[in-house]
Amino acid sequence: MNVKKIRKKKKNKPHVERLHNYYHRTGFYMFIWESLKKAFWPIVIAVIGVFLFNKYVYNINDGLQLITETFSTLGILITFYISETILGLIPPEIFIAWSKKTSNPIVILIILATLSYLGGLTAYFIGRAALKINSVRNYLEVKMAKNLKNTSKWGGILILVGALLPLPFAISCLTAGMIKYPFKNVVIFGLFRFLRFAIYAWAIFSIVN
């Protein structure tokens, strides 16, 4: 039994090393590092801005409560789904904070995570459909050439990064659709979106009253 395990480890190790060398050679690690650096300062500035706004301008908790009382839950959820489908136009953190003010925060949070996940899958099919329109295809290939190239090289790992990190998940899925990356892989790697929502909710729920 132990001999089989040792042989299995020896077989897996070269594969892991080859994968590591490939990512290193193609610049994947540098891409992730640069993306994190770009995302770091906007997040810090946003957090500081929210803190100052909440302290000196307007109480955010009151604002979230007003949204809850003014707009229907269904309307907000539909808006969120559309946002998560169209390149993540509205930061999901706003909706996560809003969910804390609802009567069933955990249930609403699960619905938000599911809608975000489905929004990414919808974006995938939008990417596939866009390829059939010449003008749209040419526009997207020019504007998103780098994303298309990176998704082609790194596949599911980039989907995973888009699901977990503060990068637009919809863009990763859209480009995956444009290069016809296997849909089943997008479905699997995209599940990490739920983990991201759980982590962010843990942090945001501790701030929102």
Side-chain angles (χ1 to χ4, degrees), residues 22-23 26-47 76-97 109 111-201 203-204:
Y22 172 75
Y23 287 145
T26 57
F28 175 74
Y29 296 131
M30 184 58 65
F31 170 76
I32 297 299
W33 173 244
E34 291 297 329
S35 297
L36 288 173
K37 286 197 299 183
K38 291 178 181 179
F40 176 75
W41 287 114
I43 291 175
V44 170
I45 293 173
V47 170
I76 294 175
L77 292 176
I78 291 175
T79 300
F80 176 70
Y81 172 72
I82 294 173
S83 173
E84 288 296 275
T85 301
I86 309 176
L87 310 183
L89 297 177
I90 306 175
E93 291 75 19
I94 295 176
F95 295 90
I96 293 175
L109 179 66
I111 293 175
L112 288 174
T114 303
L115 290 175
S116 179
Y117 175 68
L118 294 176
L121 299 186
T122 304
Y124 172 89
F125 288 108
I126 291 176
R128 292 292 296 267
L131 294 176
K132 300 178 181 179
I133 306 174
N134 291 330
S135 58
V136 174
R137 183 181 69 245
N138 294 334
Y139 173 79
L140 292 175
E141 288 180 347
V142 171
K143 294 294 182 179
M144 301 179 66
K146 185 176 181 179
N147 284 311
L148 288 171
K149 183 179 179 181
N150 290 338
T151 305
S152 180
K153 287 191 296 184
W154 304 317
I157 300 298
L158 193 59
I159 298 296
L160 188 150
V161 169
L164 283 175
L165 300 181
L167 303 170
F169 179 53
I171 289 182
S172 297
C173 293
L174 179 70
T175 52
M178 292 181 66
I179 65 168
K180 298 181 179 180
Y181 184 73
F183 178 66
K184 64 178 182 179
N185 291 349
V186 177
V187 170
I188 294 173
F189 285 107
L191 290 173
F192 282 90
R193 192 66 172 169
F194 289 90
L195 177 60
R196 182 183 187 274
F197 269 71
I199 295 173
Y200 273 62
I204 293 173

What pair of heavy atoms forms the shortest contact from [X] to [Y], and how long is it?
{"X": "Pro182", "Y": "Tyr124", "value": "C-OH, 4.1 Å"}
{"X": "Phe169", "Y": "Gly190", "value": "CZ-CA, 3.9 Å"}
{"X": "Phe80", "Y": "Leu112", "value": "CE2-O, 3.0 Å"}
{"X": "Thr85", "Y": "Ala170", "value": "O-CB, 3.8 Å"}
{"X": "Gly120", "Y": "Cys173", "value": "O-CB, 2.9 Å"}
{"X": "Ala201", "Y": "Ile96", "value": "CA-CG2, 3.7 Å"}

How far does [atom1] of [X] sit from [atom2] of [Y], to the nearest 0.5 angstrom?
{"X": "Phe189", "Y": "Lys184", "atom1": "CZ", "atom2": "NZ", "answer": "11.5 Å"}
{"X": "Ile86", "Y": "Leu174", "atom1": "CD1", "atom2": "CG", "answer": "11.0 Å"}
{"X": "Ile82", "Y": "Leu77", "atom1": "CD1", "atom2": "CG", "answer": "11.5 Å"}

Assign the ring pair Phe194 / Tyr117 to parallel, tilted or perpendicular, where the plane angle (0 to 90°) is split at 30° and 60°.
tilted
So, do Arg196 and Ser116 sit near enough that their side-chain heavy atoms are less than 4.5 Å apart?
no
For Tyr81, all residues meeting side chain to side chain donor-acceptor pair (under 3.5 Å), sequence neighbours excluded:
Thr122
Salt bridge (charged side-chain N to carboxylate O under 4.0 Å, His left out) pairs touching residues 81-90, sequence neighbours excluded, are Glu84-Arg193
Taken in chain and number order and not counting sequence neighbours, the residues that satisfy side-chain contact (heavy atoms from CB on, under 4.5 Å) with Phe125 are Phe183
Set of residues satisfying side-chain contact (heavy atoms from CB on, under 4.5 Å) with respect to Ile90, sequence neighbours excluded:
Thr79, Ser83, Ile94, Phe95
